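What follows is one structure encoded as structure tokens, with my remarks underneath.
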Amino acid sequence: MQSEPPAKPLPLHSARPAPGEAPMTDQNEVHELSELLRLRREKLATLRSHGVNPYPYSFAKTIHISELLAQFDSIQEGEDHSGPEFAIAGRIVSVRIMGKAAFCHVRDEFGQMQVYVQRDRIGEAAFALFKLFDISDWVGIRGTAFVTKTGEQSLRASEVVMLAKSVRPLPVVKQQGDEVFDAFSDKESRYRQRYIDLAVNPENRGIFRSRAKIISAVREFLDARGYLEVETPALQPLYGGALARPFMTHYNALDRTFYLRIADELYLKRLVVGGFEKVYEICKDFRNEGMDRYHNPEFTMLEFYEAFADFEMIMNLAEELFRHVAQRALGATVVSYQGRTVDFGKPFRRVRFFDLLKEATGKELLGIPLPELGEIAKAHDVELTREMGEGKILDEMMKTLVRPKLVEPTFIYDYPLSLSPLAKKHRSDPRLVERFQPCALGFELGNAVSELNDPLDQRERFEAQRKLKEAGDEETQPIDEDFLSALEYGMPPTGGMGIGIDRLTMLLTDQESIREVILFPHLRS
RNA sequence: GAGAGCGUAGCUCAGCAGGUAGAGCACCGCCCUUUUUAGGCGAUGGUCCCGGGUUCGAAUCCCGGCGCUCUCACCA
């Protein structure tokens, strides 16, 4: 069988419409296809004209390529080229046709291997059709294992099956010596067409495997400690639980504005009021903010709440959690990030918020008057805007003077009251709240507090937020009467924590941009 | 939201004192039954992001838009 032209040639080479002649739509579309795409469609038609279904329904694959390679020595064929048959399936990523035989590489999810296709082995007709197979086609191969003259573990094909014809070639990476061709490295293209990125740069699939492991390790850890996984609304009539601007949407049936959640905190605490003692949720939060390498407007957050616990107990739990997740995701507690290495297996450093600022500035900042605080901040080149209150200035100083230098895993605790509208006042100093943040390698990894359960105090905090809003602050916590009502019925002492899953994944997979750990990051369309 | 840079073949990129568009790889044809993402010979491939303007002539210069990247600001 020869690779004849298609039985019904596509109108590929027809001339452009003559002036004045109405263009025929289907022809027009074909005109717009590049030579490359047209040729693939011709091959598709040729396969069909020879009775091949280029999109069959299934394939009886018997082994992953990685498994086959792992047990290669014990399954090799004998000298007569007979041996146990295996069926692999994957994408063709390279082809070398040599007249009456051909080599190609086939890649599946977990590995890739060379396939040797001989005309006299699979038959003349099948070999002629095989010549229509291209890079990026999905194929099934049955054959026996052998090693080539040059020492590569390969599969000698006895049958090749088209599983899905690709009519648009992937830019499969090719390497010759030190030269790399076709590297698919443009960030925009990689994010926009993530499927190409994953297909062509299989190492990037590892990032998302790690991400999945991290999330399952979190569940494993919390489930084992009696936490209940719950789901709370993403569409909320009132947002809260964080200080951020929300996305707004319209609920047609109710004819009112709804918000995409910026946090699930207030709902999870309602559940603690309801009697669930340990709850957690891993969910998407949405914040109407800009995006950069640390922020995506839609991101994944873990929040967990435990009744009868305070922030110190949560701190101990968090330390174990980070250790467990690192161990599960990396197989070790040692984490390397952008050239720096820390060990999550060691006890975390625990240091007070104001002690860190004292280290950085040489001054005790707790309780000093606002004007003086501003002077000190300016003296350390911390940029201030006119409307910054005490909390924001302190936060800014922490962000610029301290956090970048926090490499070792650290818990910063005892935060100023003004920064934390949902945290309980400190048992030993009313100017502080019982709150901590875990940091490592310059990252802020989460936030935890002894949850405020005094309904009257909570109302005052909400009122303070309202005043900030009236003063023009767009990132305030609105008053949530139903939540206040829940607290009035009584919430036990509770410790709670939030951990940004995306950032944790960045850290554990050594990625410098959040977009590398989100499969489909937001891009302008 | 602000500043800087970028947008040319399927991919990665060159070309820019303005003169009909280039390379490598991929792709196509022929030869080749153990190659190393093969080899040899030959060919094809582009609305140079979009829209205006300057000019005899624009990928190149100017203006406007769109998109991306990197900084900065806000935030986790």
Side-chain angles (χ1 to χ4, degrees), chain A residues 3 32-40 42-43 92-107 112 114-122 127 131 134-136 146-152 154 156 166 168-177 179-193 196 200 241-245 262-263 285-303 383 385 388 392 395-396 399 437-439 443-447 473-475 498-504 506 512-515 521 523-525:
Chain A
S3 52
E32 287 174 10
L33 297 175
S34 74
E35 183 75 14
L36 228 52
L37 304 190
R38 271 179 33 213
L39 287 161
R40 291 261 175 144
E42 285 179 0
K43 288 185 181 181
I92 295 178
V93 295
S94 72
V95 185
R96 296 172 293 288
I97 292 181
M98 333 183 38
K100 299 183 183 63
F103 287 93
C104 61
H105 277 93
V106 172
R107 175 187 294 165
Q112 86 177 37
Q114 180 166 264
V115 171
Y116 183 41
V117 183
Q118 295 162 286
R119 187 192 68 180
D120 294 346
R121 181 99 174 174
I122 68 165
F127 192 73
K131 287 183 177 172
D134 288 301
I135 285 178
S136 71
F146 79 110
V147 176
T148 62
K149 205 151 61 175
T150 52
E152 178 159 353
S154 307
R156 185 190 308 279
S166 156
R168 191 180 287 273
L170 285 169
V172 171
V173 180
K174 181 173 175 181
Q175 194 166 357
Q176 245 177 11
E179 246 185 318
V180 176
F181 299 100
D182 290 356
F184 188 73
S185 54
D186 178 68
K187 285 185 180 176
E188 178 182 357
S189 308
R190 286 185 44 236
Y191 301 146
R192 263 188 212 287
Q193 296 182 282
I196 299 180
V200 168
L243 304 179
R245 291 156 71 186
I262 59 172
D285 287 347
F286 308 86
R287 297 189 186 171
N288 212 336
E289 306 282 353
M291 51 193 117
D292 60 32
R293 75 154 88 156
Y294 300 108
H295 299 87
N296 196 60
E298 168 183 348
F299 63 102
T300 302
M301 181 80 120
L302 160 70
E303 290 196 30
E383 284 184 36
T385 57
M388 275 181 156
K392 293 249 180 190
D395 192 39
E396 190 62 26
K399 204 180 291 179
Q437 292 200 288
C439 291
F443 272 84
E444 183 184 298
L445 289 170
N447 185 36
D473 191 339
E474 291 187 85
E475 293 169 350
I499 293 176
I501 294 294
D502 309 274
R503 290 197 182 167
L504 184 58
M506 286 171 71
E512 60 168 1
S513 170
I514 199 168
R515 293 183 161 188
L523 299 165
R524 283 173 220 276
S525 50

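Side chains are part of it too, since the values below use all heavy atoms of this structure and drop only hydrogens, waters and symmetry mates. By convention in this document, chain letters (A, B, ...) are assigned in the order of the sequence lines, proteins followed by strands, and residues within each chain are numbered from 1. Since the model is a prediction, treat every value here as computed from it, not as a measurement.
Distances shorter than 4.0 Å separate some side-chain N or O of A:K43 from OP1 or OP2 on B:rC28.
Among the atoms of the strands shown, base atoms are found under 4.0 Å from some heavy atom of A:R156. Across all strands shown, A:Q118 has heavy atoms under 4.0 Å from base atoms, whether or not it also approaches the sugar-phosphate. Across all strands shown, A:Y191 has heavy atoms under 4.0 Å from sugar-phosphate atoms exclusively, and none from any base. Heavy atoms of A:Q112 sit under 4.0 angstrom from at least one base atom. If you check every strand for non-hydrogen atoms under 4.0 Å, A:I97 touches a base. Among the protein residues, A:N296 comes within range of the nucleic acid bases, having at least one heavy atom under 4.0 Å from a base atom.
A donor-acceptor contact shorter than 3.5 Å links the side chain of A:Q437 to the backbone of A:G446.
Pairing for B:rU47 is absent, judged as Watson-Crick or G-U wobble with the two contacts each under 3.5 Å.
Evaluation of atom-type donor-acceptor distances gives no pair under 3.5 Å for the side chain of A:N288 against the base of B:rC74.
Taking atom CZ on A:R38 and atom P on B:rG29, their separation rounds to 13 Å, with Å as the unit. Rounded to a whole Å, the NZ atom of A:K131 is 12 Å from the C1' atom of B:rG29. For A:D134 and B:rU37, the CG to C1' distance is 15 Å, given to the nearest whole Å. Going from atom NZ of A:K149 over to atom P of B:rU35 covers 5 Å, rounded to whole Å.
Separation of the C1' atoms belonging to B:rG7 and B:rC49 is 6 Å when rounded to the nearest angstrom. Taking the C1' atoms as reference points, B:rC48 lies 33 Å from B:rC30, given to the whole Å. Taking atom C1' in both B:rU12 and B:rU20, one finds a spacing of 26 Å when rounded to whole Å.
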